[in-house]
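By convention in this document, chain letters (A, B, ...) are assigned in the order of the sequence lines, proteins followed by strands, and residues within each chain are numbered from 1. Model, not experiment: these values are computed from the prediction.
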Number of protein chains: 2
Amino acid sequence: MGEDQITAPSTITDAALRPFVGFNLKRAWNVIHADLSQTLEPLGLRMITFSALVLIGENPGLSQAQLAAALSVERPNLVAVTDELSAKGLVSRNRLPADRRAYALQLTGTGARLLAQASEAVHAHEARLYAALSVDERRILRAALTKIETAPRG
Amino acid sequence: MGEDQITAPSTITDAALRPFVGFNLKRAWNVIHADLSQTLEPLGLRMITFSALVLIGENPGLSQAQLAAALSVERPNLVAVTDELSAKGLVSRNRLPADRRAYALQLTGTGARLLAQASEAVHAHEARLYAALSVDERRILRAALTKIETAPRG
DNA sequence: TGCATTTGTTATAATCTATACCCATTCGGG
DNA sequence: CCCGAATGGGTATAGATTATAACAAATGCA
């Protein structure tokens, strides 16, 4: 009838956390983030600078405020990004004649070439990371993620 | 034949970033993270402290090293978590007689009650955030996330 | 003209994460 | 039994990310 001796469990289980979608999604994001960062690192890019390059290439001439909004980043936090891209000669910042407050962001030739190279690397990264997913699974995954993104907030 | 005047585009598009699964997943994670933090805040919990409570409840007596591994957190970063849970009287830290280096972490009565309350709130948060997903979509989403988590890394 | 707004920017703070190092304790091989 | 390696908890610290306040220059509107 003695008290049970306190001992540490020999194996730890996740089972109570696994039913939460958010937990699984965070774990998947950790894997993606680590692998993608590693993919971009040899190109001298981070996730945020790669995303910025893509958006500038797709929307040439956009302003930093527009880019910040598109990236869901606060304007002050974008300054370091554009500074970095400009210092590397990947992006040009020209004052707009029509609005001398704003910069028109454009890819340089070097920037366009690095973007093409980085896009290829990121596609390879995704192909490797999602190799186990069928076409249907990928389609449903993307649809589900979009629904979550636009879900009604608390 | 003059040069085109540089002007900022009137609308910005995501289209070049959307094909990347990682981009969609990060956006979804941002939404989940914000909504879940807001859900836990009135209970005095953060994501990491809630997850810790769940794991301690599920694996009573586990050590901090075991908990850190289960949470994918470095041991130094877990100290603030257990300190916080202990200070709030939610978790007890008792030295193991068998190994006086380690703590046996256990929920207190208060901790168990708060965990039940928080679990209910998190389930409600997930029900709301994933309301637009069908049963099949949720199943495939979770399966896909698990496959990503265990995908071969670069 | 005058005033609110916008753009880019600086400074600053909060949070999260990762590494190096420390001490006490435990473990394993000789 | 003894000593070195490994482990558990902890401190200090640095880096990265994110958020807010405030500012000057420029713009737009009443």
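Side-chain atoms of B/Arg101 and base atoms of C/dT25 include a donor and an acceptor less than 3.5 Å apart.
Counting to the nearest Å, the P atom of D/dT7 and the CD atom of B/Gln66 are 13 Å from each other. For B/Asp99 and C/dG28, the CG to P distance is 12 Å, given to the nearest whole Å. Spacing between atom CE of A/Met47 and atom C1' of D/dT17 amounts to 11 Å, rounded to whole angstrom units. At whole-Å resolution of the value, CZ in B/Arg95 and C1' in C/dA24 are 9 Å apart. Going from atom CG of B/Leu67 over to atom P of D/dG9 covers 9 Å, rounded to whole Å. Going from atom CG of B/Asn30 over to atom C1' of D/dT18 covers 11 Å, rounded to whole Å. In this structure, the CG atom of B/Leu71 is 13 Å from the P atom of D/dG9, given to the nearest Å. Note: NE2 (B/His33) to C1' (C/dA14) measures 13 Å, nearest angstrom.
Side-chain proximity of B/Gln64 to the nucleotides C/dT17, D/dG10, D/dT7 is greatest for D/dG10. Taking every side-chain heavy atom of A/Pro76 into account, C/dT9 is the closest of C/dT9, C/dG8, D/dT18. Looking at the side chain of B/Thr82, the nearest of the listed nucleotides D/dG10, C/dT7, C/dT9 is D/dG10. Across D/dG10, C/dG8, D/dG9, the shortest atom-to-atom separation from the side chain of B/Ser63 is found for D/dG9.
Of the two residues near DNA chain D, A/Arg100 and A/Val73, the one whose nearest nucleotide lies more 5' is A/Val73. Nearer to the 5' terminus of DNA chain C, by closest-nucleotide assignment, is the contact made by A/Leu62 (compared with the other of A/Lys26 and A/Leu62).
Among the atoms of the strands shown, none is found under 4.0 Å from any heavy atom of B/Arg75. Nucleic acid contact for B/Asn77: base, since at least one base atom lies under 4.0 Å from a heavy atom of the residue. Counting non-hydrogen atoms under 4.0 angstrom, A/Glu74 reaches a base of the nucleic acid.
A salt bridge between B/Glu126 and B/Arg142 is absent, with no side-chain N of the basic residue lying under 4.0 Å from a carboxylate O of the acidic one.
With contacts defined as side-chain heavy-atom distances shorter than 4.5 Å, the pair B/Ile48/B/Glu84 does not qualify. At least one side-chain heavy atom of B/Gln64 sits under 4.5 Å from a side-chain heavy atom of B/Leu105. Between B/Lys26 and B/Asn30 there is a side-chain heavy-atom pair separated by less than 4.5 Å.
For B/Thr108 (side chain) and B/Gly89 (main-chain N/O), a donor-acceptor pair under 3.5 Å exists by modelled atom type.
Contact check, A/Arg46 against D/dT17: a side-chain N or O comes under 4.0 Å of OP1 or OP2.
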